[in-house]
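As structure tokens, the structure follows; a few thoughts come after it.
Just so we're on the same page: letters track the sequence lines, and every chain starts at 1.
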2 protein chains.
Amino acid sequence: MRKSSSTNLENELLINGNCGMAYTLDLIGGRWKPSILYKLLKGSTRYSQLRKTMPAVSERILILQLRELESDGVISRTVFPEVPPRVEYQLTDLGKSLEPVLRVLSDWGDANRV
Amino acid sequence: MRKSSSTNLENELLINGNCGMAYTLDLIGGRWKPSILYKLLKGSTRYSQLRKTMPAVSERILILQLRELESDGVISRTVFPEVPPRVEYQLTDLGKSLEPVLRVLSDWGDANRV
DNA sequence: CAGTATCCTAACCGATACTG
DNA sequence: CAGTATCGGTTAGGATACTG
């Protein structure tokens, strides 16, 4: 859905009838982004914890999706200067504002899937 | 986001944490599906009319997205036995039930895009 | 622990010519 | 009018080995 970088969102819109729906979908529509966001709704989470609960995704992809969410301002990344290193991901305010959106998507899916 | 055919939705879910969100996103998350659904919210629409309002999408892709929405039960296709042929697309009941979902997505996008 | 680097596949999307 | 057919490009996603 996404073209390449997250700076293409505007472009995306223009060719898509200038519809805000496309913007939202482009933000949360990645292959693993729903799962990530869903987990982060429950609070700040370590990288290793995300990995553990999503064994099907490869490391590269998980990082990639996290980076995209981060550069789109939906989540933020906190590095704790410890040994061994600790990194936690959490929703930004923008990310938190997505909660009703995510919930509607989740509810509709739960209600209508076979 | 989608694997290949629309019959893979269940599979999709299993690897995605069994989250209904992924199901919904897979249904409406195609490149042009938001635009299509948005237009169909206003009522039954001819193929040629869809084409006209979405000049950026190629015929093959438009048809493909329509077929996917159709096989997922979100829209239906009515052929009128006339010359020249007329085909109209409209939301099914399932499709109509998506309206609140689409609206939330649209509203959030309009409110938060730059 | 939390990532990169490298290489690879397949899905998705597109232009254009043609047809019932 | 409403599509197919054919071919081809781009990019999202993935497996695996390695590193600060």
>> Between the side chains of B:R77 and B:E88, is the shortest nitrogen-to-carboxylate-oxygen separation below 4.0 Å, so that they form an ion pair?
In response: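 Looking at B:E88 and B:R77, the cut-off is not met.
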>> Checking the side chain of B:S106 only, and the main-chain atoms of B:R103 only, is there a donor and an acceptor separated by less than 3.5 Å?
In response: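 No; zero donor-acceptor contacts below 3.5 Å.
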Atom [atom1] of [X] to atom [atom2] of [N]: distance rounded to whole Å?
X	N	atom1	atom2	answer
A:I28	D:dA12	CD1	P	17 Å
B:I63	C:dG14	CD1	P	14 Å
A:M54	C:dG3	CE	P	14 Å
A:I61	C:dC7	CD1	P	17 Å
B:L64	D:dA5	CG	P	12 Å
A:R77	C:dG3	CZ	C1'	8 Å
B:L66	D:dG3	CG	P	8 Å
A:E88	C:dG3	CD	P	11 Å

> Can you give the dot-bracket line for DNA chain D, where a pair is Watson-Crick or G-U wobble with both atom distances under 3.5 Å, crossing pairs use [ ], and | marks a partner on another strand?
Replying inline: ||||||||||||||||||||
> To the side chain of B:R67, which of C:dG3, C:dC1, D:dT4 is closest?
Replying inline: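 Nearest listed nucleotide: D:dT4.
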>> For B:T45 and B:Q90, which I'm curious about, is there any donor-acceptor pair between the side chains at under 3.5 Å?
In response: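 Side chains of B:T45 and B:Q90: no pair found under 3.5 Å.
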[N] phosphate, OP1 or OP2: any side-chain N/O from [X] under 4.0 angstrom?
X	N	result
B:Q65	C:dC13	yes
A:S48	C:dC1	no
A:W32	D:dG14	yes
B:R46	D:dA2	yes

> Between B:L40 and B:I75, which heavy-atom pair has the shortest distance, and what is it?
Replying inline: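 Answer, listing the atom of B:L40 first, then B:I75: CD1-CG2, 3.7 Å.
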>> One pair to check against side chain to side chain contact (heavy atoms under 4.5 Å, CB included): B:I61 and B:W32. What are the steps and the verdict?
In response: CA-CA 8 Å; B:I61 298 302; B:W32 302 98; 3.5 Å; yes
>> According to a hydrophobic-cluster definition based on side-chain heavy atoms being under 4.5 Å apart (Ile, Leu, Val, Met, Phe, Trp, Tyr only), do A:I36 and A:V79 belong together?
In response: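 Same cluster.
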> Counting only heavy atoms not in B:Y47, do more than 12 fall under 6.0 Å of its OH?
Replying inline: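 Atom OH in B:Y47 is crowded, with more than 12 foreign heavy atoms closer than 6.0 Å.
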> Does a sphere of radius 6.0 Å around OH in A:Y89 hold more than 12 heavy atoms from other residues, nucleotides or ligands, not counting ones at 6.0 Å or beyond?
Replying inline: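 More than 12 heavy atoms, drawn from other residues, nucleotides or ligands, come within 6.0 Å of this atom.
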> Checking all strands, does A:Y89 fall into the base, sugar-phosphate, or nothing category for heavy-atom contacts under 4.0 angstrom?
Replying inline: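 Answer is sugar-phosphate: A:Y89 comes under 4.0 Å of backbone atoms only.
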> Side chains of B:V101 and B:L105: does their closest heavy-atom pair fall under 4.5 Å?
Replying inline: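 When only atoms from C-beta onward are counted, B:L105 and B:V101 do touch, with a gap below 4.5 Å.
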Find every protein N or O atom lying less than 3.5 Å from an N or O atom of nucleotides 15-20 of chain C, and list the pairs.
from: C:dA15; atom 1: N6; to: B:R60; atom 2: NE; distance (Å): 3.4

